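Let me begin by presenting the structure, written as structure tokens, before commenting on it.
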Amino acid sequence: MKYYSTRNKNIVATFKDAILKGIAADGGLYMPEEIPILNKSFFVKIENLTFQEIAFEVAKHFCINEISETDLHKIIDSAINFSAPVKYLDDNIQVLELFHGPTLAFKDFGARFTAKTMSHFLQQENKEINILVATSGDTGSAVANGFYKTPGINVTILYPSNKVSYLQEKQLTTLGENITALEIDGTFDDCQKLVKQAFGDTEITKQINLSSANSINIGRLLPQSFYYFNAFKQIKDKSKQIVFCVPSGNLGNLTAGLFAYKMGLPIDNFIAAHNANDVFTNYIKTGNMNTRPSVLTLSNAMDVGNPSNAERIFDMFGYNYENISTLIKSEAISDEETKIGIVEVKNKYNYIIDPHGAVGYRAVKKIYGDNNNDKNIIILETAHPAKFSSIIEEELNCKIELPVQLKDALEKEKVSIKLSNSYEEFKSYLLK
């Protein structure tokens, strides 16, 4: 399997090079030359497969002849050793819980798979790699945890000052060792811009071996498709239409779902649920993709004004707006609506949902109302509600018990390096 740049299909790479480089030389994102369609027998037997077996059957098509089946089994078994259960709110609305990993967020899946895969490839070479990653919240902690003490890999995380939750900041600034946190005076988009500029700066890339662990890296994206298949396995009545509602920021999670769809998973529709950063919602509704600076919301991991993976989505569908907007519905949810969603889910279903999941829930209600008897609507619950305890406790007037992972992070000292959003200052830091 070869991988091409979304900006120039003549620029191709192996899976190994695509995952180690993270981004193509022209700034494009790597895409597989073909997305394989899985055999129908796979879907017949899927209910008898473990999550890890499902992941292997999906992943093996993307690294043929580069990772042996034995090594791929080892990577998956060590990276994805936690569950992703589907919880039924009622007969038609379900929640896919993606927060059972070590940092309590869905990004554990991609970060751990990428770390294990990079480590596998680096064992074959005597060289060091430096990962740059921008985060709007959960990516930073997942990447920090996934790559912590990995030999041959140093990680630099850029996050926007005062724009991630206190617990998220603690998770990504307290590890030390091979993890460095840069606290940027700006927004997530500023952080992402700095990372992209560094990748395109030959003065830097000649001196430093760079890679990325954002969802711009195909290695981060592919494992996120695993849990769509695993969710399908858990659906009780597969005769009904299947709709995945995806709280969306940089569009990596949605793109992973589209990969699953292209591979044959019987999905009827996606919902891209956005907060006030509604650039992609406006595209779905109007056909116009007008990026703009992001704004701070309660669902901060989705505070993205220039979503990178839109480039992959457009490429995947040949820039055909009609096909994209037919398959993907989208709504934007305000902070006030998000609060309403948190309260409504608790009162109606006795389920505590985090702000990102609440955005998804409210988007479902805006699109379908209560007219969903013919559907399985699966809302991706992307983070543990305890990570946003201050918001949820205020709305629900209850106390949320912190999981041990968060308690441990709170007891550690924050260590970060503060920088402005100036590229020259960031470049100077890297070269030093």
Side-chain angles (χ1 to χ4, degrees), residues 46-60 71-88 94-120 135 137-150 167-168 170-172 175 179 213 215 217 219-235 244 246-247 252-253 256-257 260 301 351-354 356-357 360 378-389 400-409:
I46 196 168
E47 291 190 17
N48 298 318
L49 299 178
T50 66
F51 190 3
Q52 289 74 24
E53 288 169 339
I54 290 170
F56 174 81
E57 290 297 323
V58 175
K60 68 181 183 181
D71 287 336
L72 184 58
H73 273 297
K74 289 178 181 177
I75 289 169
I76 289 172
D77 290 346
S78 60
I80 302 173
N81 52 8
F82 46 92
S83 64
V86 170
K87 299 289 181 68
Y88 273 69
Q94 297 109 55
V95 170
L96 174 57
E97 292 186 345
L98 300 174
F99 54 70
H100 293 280
T103 71
L104 309 176
F106 79 96
K107 297 183 181 182
D108 283 325
F109 292 92
R112 288 170 64 82
F113 179 88
T114 305
K116 303 295 183 184
T117 306
M118 281 186 172
S119 179
H120 168 80
T135 182
D138 289 325
T139 292
S141 55
V143 169
N145 184 280
F147 285 87
Y148 184 55
K149 292 185 177 181
T150 300
L167 285 168
Q168 287 172 325
K170 276 286 193 177
Q171 283 187 301
L172 65 92
L175 289 175
I179 311 296
S215 59
N217 191 315
R220 257 284 309 277
L221 200 68
L222 290 175
Q224 291 176 212
S225 69
F226 301 163
Y227 47 70
Y228 284 90
F229 291 96
N230 192 54
F232 173 76
K233 166 191 169 180
Q234 299 174 69
I235 294 173
F244 280 96
V246 188
N253 219 357
Y351 185 90
I352 297 178
I353 200 165
D354 93 298
H356 304 79
I378 304 167
I379 301 168
L380 274 59
E381 173 65 329
T382 56
H384 194 291
K387 300 187 82 168
F388 306 90
S389 56
I400 295 181
E401 178 69 22
L402 292 183
V404 64
Q405 298 99 312
L406 297 181
K407 288 180 180 178
D408 289 345

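This is a predicted model, so every value here is computed, not measured. Quick note: numbers below take in every heavy atom, side chains included, and nothing from hydrogens, waters or symmetry partners. Start at 1 with the first residue, then count along the sequence.
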**Q.** Within-4.5 Å side-chain heavy-atom neighbours: Gln405 and Thr103
**A.** no
Q. Minimum heavy-atom separation for Pro385 to Ile353, with atom names?
A. CB-C, 4.4 Å
Q: Decide ring-ring contact (aromatic ring centres under 6.0 Å, His included) for Tyr228 and Phe244; before the verdict, give the C-alpha distance in whole Å, the side-chain angles of both, and the deciding distance to 0.1 Å.
A: CA-CA 9 Å; Tyr228 284 90; Phe244 280 96; 4.9 Å; yes
**Q.** side chain to side chain contact (heavy atoms under 4.5 Å, CB included) between Lys60 and Leu72, worked out
**A.** CA-CA 7 Å; Lys60 68 181 183 181; Leu72 184 58; 3.9 Å; yes
Q. Hey, mind stepping through Phe51 and Gln234 against side chain to side chain contact (heavy atoms under 4.5 Å, CB included) and telling me if it holds?
A. CA-CA 11 Å; Phe51 190 3; Gln234 299 174 69; over 6 Å; no
(Q) I need the Ile235 CD1 to Glu47 CD distance, nearest 0.5 Å. (A) 10.0 Å
Q: Taking the side chain as every heavy atom from C-beta outward, state whether Lys107 and Ser141 have any atom pair closer than 4.5 Å.
A: no
Q.
To check you understand the geometry: which heavy-atom pair defines the closest contact between Leu402 and Ser389, and what is its length?
A. CD2-OG, 4.4 Å
Q) How far does OG1 of Thr50 sit from NZ of Lys233, to the nearest 0.5 angstrom? A) 6.5 Å
Q: May I ask you to check whether Phe109 and Tyr227 place their ring centres under 6.0 Å from each other?
A: yes
Q.
Please find the pair of heavy atoms, one from Ala115 and one from Gly146, that lie closest to each other, and give the distance.
A. CB-O, 3.2 Å
Q: Report yes or no: does His356 contribute a side-chain atom to a donor-acceptor pair with the main-chain N or O of Ala301 at less than 3.5 Å?
A: yes
Q | Asn145 versus Leu175, closest heavy-atom pair with distance | A | N-CD1, 3.9 Å
Q: Side-chain contact test, heavy atoms from C-beta onward, threshold under 4.5 Å: evaluate it for Asn81 versus Asp77 and give yes or no.
A: no
(Q) Taking Ser78's backbone N and O only, do any of them form a donor-acceptor pair with Arg112's side chain (distance below 3.5 Å, no angle check)? (A) yes
Q: With side chain to side chain contact (heavy atoms under 4.5 Å, CB included) as the test, would you mind laying out the steps for Asn217 and Met118 before giving the verdict?
A: CA-CA 11 Å; Asn217 191 315; Met118 281 186 172; 3.6 Å; yes
Q: Write down the atom of Ala111, the atom of Arg220, and the distance for their closest heavy-atom approach.
A: N-CD, 3.5 Å
Q) Does the side-chain hydrogen bond (donor to acceptor under 3.5 Å, both in side chains) test come out yes or no for Gln171 and Lys387, once each step is laid out? A) CA-CA 10 Å; Gln171 283 187 301; Lys387 300 187 82 168; 3.0 Å; yes
Q. Between Lys407 and Glu401, is the closest basic N to carboxylate O distance under 4.0 Å?
A. yes
(Q) For the CG atom of Leu98 and the OG atom of Ser83, what is their distance to the nearest 0.5 Å? (A) 10.0 Å
**Q.** Under 3.5 Å donor-acceptor, Glu97 side chain and Ala84 backbone
**A.** no
**Q.** Side-chain heavy-atom pair Ile378, Val95 within 4.5 angstrom cut-off
**A.** no
Q. With a 4.5 Å limit on heavy-atom distance, are the side chains of Thr135 and Val143 in contact?
A. no
Q) Between Pro102 and Phe82, is any pair of side-chain heavy atoms under 4.5 Å apart? A) yes
Q: Starting at CG of Leu96, measure out to CG of Leu380 and round the result to the nearest 0.5 Å.
A: 5.0 Å
Q.
To the nearest 0.5 Å, what is the distance between NZ on Lys116 and NE2 on His120?
A. 13.5 Å
Q. Phe113 and Gly219: which non-hydrogen atoms are nearest, and at how many Å?
A. CD2-O, 3.5 Å
Q: Would you confirm whether Gln52, through its side chain, and Ile80, through its main-chain N or O, come within 3.5 Å as a donor-acceptor pair?
A: yes
Q | Close side-chain approach of Glu381 and Tyr351, heavy atoms under 4.5 Å | A | yes
Q) If you round to the nearest 0.5 Å, how far is NZ of Lys170 from CG of Leu406? A) 12.0 Å
Q) Quick check: does any side chain N or O of Glu57 sit under 3.5 Å from a backbone N or O of Glu53, one acting as donor and the other as acceptor? A) no
Q | Pairwise side-chain contact, Thr382 with Phe99, heavy-atom cut-off 4.5 Å (strictly under) | A | no
